[in-house]
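By convention in this document, chain letters (A, B, ...) are assigned in the order of the sequence lines, proteins followed by strands, and residues within each chain are numbered from 1. All of these numbers come straight from a predicted model, not from anything done at the bench.
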Amino acid sequence: MRKVAVIGAGQTKFSGAQSLSLTELFAEAASEAMADAHIEARDVKALFIGNALGDFAEGQGMAPAFIADYIGTMNVPANRYDGACASASMAIRDAFLLVANGVYDIVIAGGVERAASLGTPLATRTFAMFSDSRYEFPAGMTFPGVFALLAHRYAARYGLPIEKLKEQMAQVSVQSYQRGLHNPKAHLRKSVTTADVLKSFTVASPIQLHDCCPFSDGAAALVIAAEDKAQVLSSKPVYFAGVGQASSGPLASQGGYLPRLKARELSAKQAYDMAGLTPADIDVCELHDCFSIASIIAAEGLGFFDPGTAGEAWLRGEADIGGKVAINPSGGLKSKGHPIGATGAAQVYEIVRQLRGEVEAERQVPDAAIGMTDTLGGDGGTMVSLILKRGW
Amino acid sequence: MTIKLSFKEYDAALRENRLMGLKCGRCQETLCPPRGACAHCGSTDLEPVELSGRGKIASFTTLFVAAEGRDQELPYALALVALEEGPHLIGRIDTACPDKLDMSVIGKNVTTAHAVFGGDKYSAGDAAYPLFKLAD
């Protein structure tokens, strides 16, 4: 396999409902990525785009074909990926595999979504489509419901009083808001205290409003290139060190293992093994914090902390810049926002800019050399892990 | 792959408060809800069996926000139940006070009855779902 690098990264501001179409949003992110990589659209040989809900957001299926035409990468293969919230990470992993294996030299991979534009009731309905439609949605399952079940399961399994877990979950949100405050592309930029989290209304017990990420509109894109191209085009190529992906069935079928998510642990192991690295080697990680409990479960599943202990790690600052591993310096899904089809690409965008030392000083991880992304689709149905490292 | 227990057959039985699952001929594990291959060993040597419907609550949540079209059902409580025969199942807890449930409900014994979701424009028709009755 050839070495493969990210040589360009672009992201729109993440936001509430806004007027740009899916195509226009992706074009904005792709333009920024292409300018960053010093390439033109005609240099791009394929497009891989995560988009889960274009059909519902604006009646647009098959968005990548229209995007390819719109941005000037005429007639190239343009594939849509749907792995719910992990869609863009799937697109990036496949882009890596195809470039690594010599099929293409330069591709654009990313994602786009207009999740805020759906409005909360329809967004809640469509996100619930990422649970099992026949055996779990009829009872009234929702996406917050999935993580609420995991939160209570977590407290029961590790013997943690629910009040203690809620305090830990609140700290996860508080830290994310603190970091997102300094991210100009973040959707929610405000200071939130533990008390604010604990007095917000309950969405699905024990999950409260400030435990949840927002529905967002936005896009992110990466230019991914083979090593020989990367060496010519970029002074700071960020190389893929390891990738992994795994899947699971419905939440109930994962029952005996919960609150741990086996697909994540398998996916992360693939990535660590390919990279020849361990969790202790990761300087900065953008992980999937769709809900505060999701961060705690993810940080344990990726091997940063032992099962049942990540919440305490957050309270001690071990999951922040200067701690054991800097988690979500972008503000995470919680503050930065969650345009689901774009989320994985925005995580890679952040890691690339962190490794290059390009983010705002208040949230820059000093001397970050190795970064990781963790993206979860639905109720753990799709999991993708990517490890990236400095190439200079 | 021969479908040994279809959604339609499972659904019809649940509407009679009979919980159907599958028994794996290779590893003897019990599976529920239905699937095409054993989740433990991958075998497709599966035979339909009727389960007891008894289990214990492994986790729960009470929802105060619902998907489009289902607001009138709020608040309602969902449970992850560990069935006596091994598999886990998600359904609703049959209680008049879903907003009063707390952690003490975890570990409680339940039996399985059913309720029916009428379907919406995104569903493939109506569907029965497990309604767990607290046994104690």
Min side-chain heavy-atom separation A:Arg134-B:Pro33 under 4.5 Å | no

Side chain, backbone, both or neither: which part of A:Thr202 has an atom under 4.5 Å from a heavy atom of chain B?
-> both

Part of B:Asp11 within contact of chain A (heavy atom distance under 4.5 Å) | neither

Side-chain donor or acceptor of B:Thr61 paired with backbone N/O of A:Gly145 under 3.5 Å = no

Structural part of A:Phe127 lying under 4.5 Å from a heavy atom of chain B | neither

For each of B:Ala39, B:Pro87, B:Gly69, B:Ala66, tally heavy-atom pairs with chain A at distances under 4.5 Å, and name the one with the top tally.
-> B:Ala66

Should the heavy atoms of other residues, nucleotides or ligands under 6.0 Å from NZ of B:Lys4 be counted, would the total exceed 12?
-> yes

Proximity breakdown for A:Leu149 and chain B, heavy-atom pairs closer than 4.5 Å | both

Heavy-atom pair count under 4.5 Å with chain A, highest-scoring of B:Ala124, B:Ala77, B:Ala127 = B:Ala124

Taking every heavy atom of A:Pro138 against every heavy atom of B:Phe117, the minimum-distance pair comes out as O-CB, 3.4 Å

With a 4.5 Å heavy-atom cut-off, do A:Thr126 and B:Tyr122 have their side chains touching?
-> no

Specify the closest pair of heavy atoms between B:Ser123 and A:Arg125, including all atoms of both residues, with the distance to one decimal.
-> OG-NH2, 3.6 Å

Proximal component of B:Pro34, with respect to chain A [non-hydrogen, under 4.5 Å] | both

For the rings on A:Tyr135 and B:Phe7, is their centre-to-centre separation under 6.0 Å?
-> yes

What part of A:Met129 lies closer than 4.5 angstrom to a heavy atom of chain B: side chain, backbone, both or neither?
-> side chain

Hey, what do you get for CG (B:Leu80) to CE (A:Met141), rounding to the nearest 0.5 Å?
-> 8.0 Å

Atom group of A:Phe137 that falls short of 4.5 Å from chain B, counting heavy atoms | both

Could you have a look at A:Gly119, A:Gly140, A:Ala128 and say which one has the most heavy-atom pairs with chain B under 4.5 angstrom?
-> A:Gly140

Steps toward side-chain contact (heavy atoms from CB on, under 4.5 Å) verdict (A:Thr142, B:Leu63) | CA-CA 9 Å; A:Thr142 64; B:Leu63 274 74; 3.3 Å; yes

Parallel, tilted or perpendicular: which fits the ring planes of B:Phe60 and A:His152, with parallel below 30° and perpendicular above 60°?
-> parallel

Show the numbers, then the answer: is there a side-chain contact (heavy atoms from CB on, under 4.5 Å) between A:Asp132 and B:Ile90?
-> CA-CA 10 Å; A:Asp132 188 290; B:Ile90 285 173; over 6 Å; no

Go through A:Leu258, A:Leu251, A:Val203 and name the one with the most non-hydrogen pairs under 4.5 angstrom from chain B.
-> A:Val203

Which of the residues A:Gly255, A:Ala139, A:Ala123 is involved in the greatest number of heavy-atom pairs with chain B at under 4.5 angstrom?
-> A:Ala139

Is chain B contacted by the side chain of A:Ile207, its backbone, both, or neither, given a heavy-atom distance below 4.5 Å?
-> neither

Among B:Glu73, B:Arg35, B:Arg92, B:His88, residue most engaged with chain A (heavy-atom pairs, under 4.5 Å) = B:His88

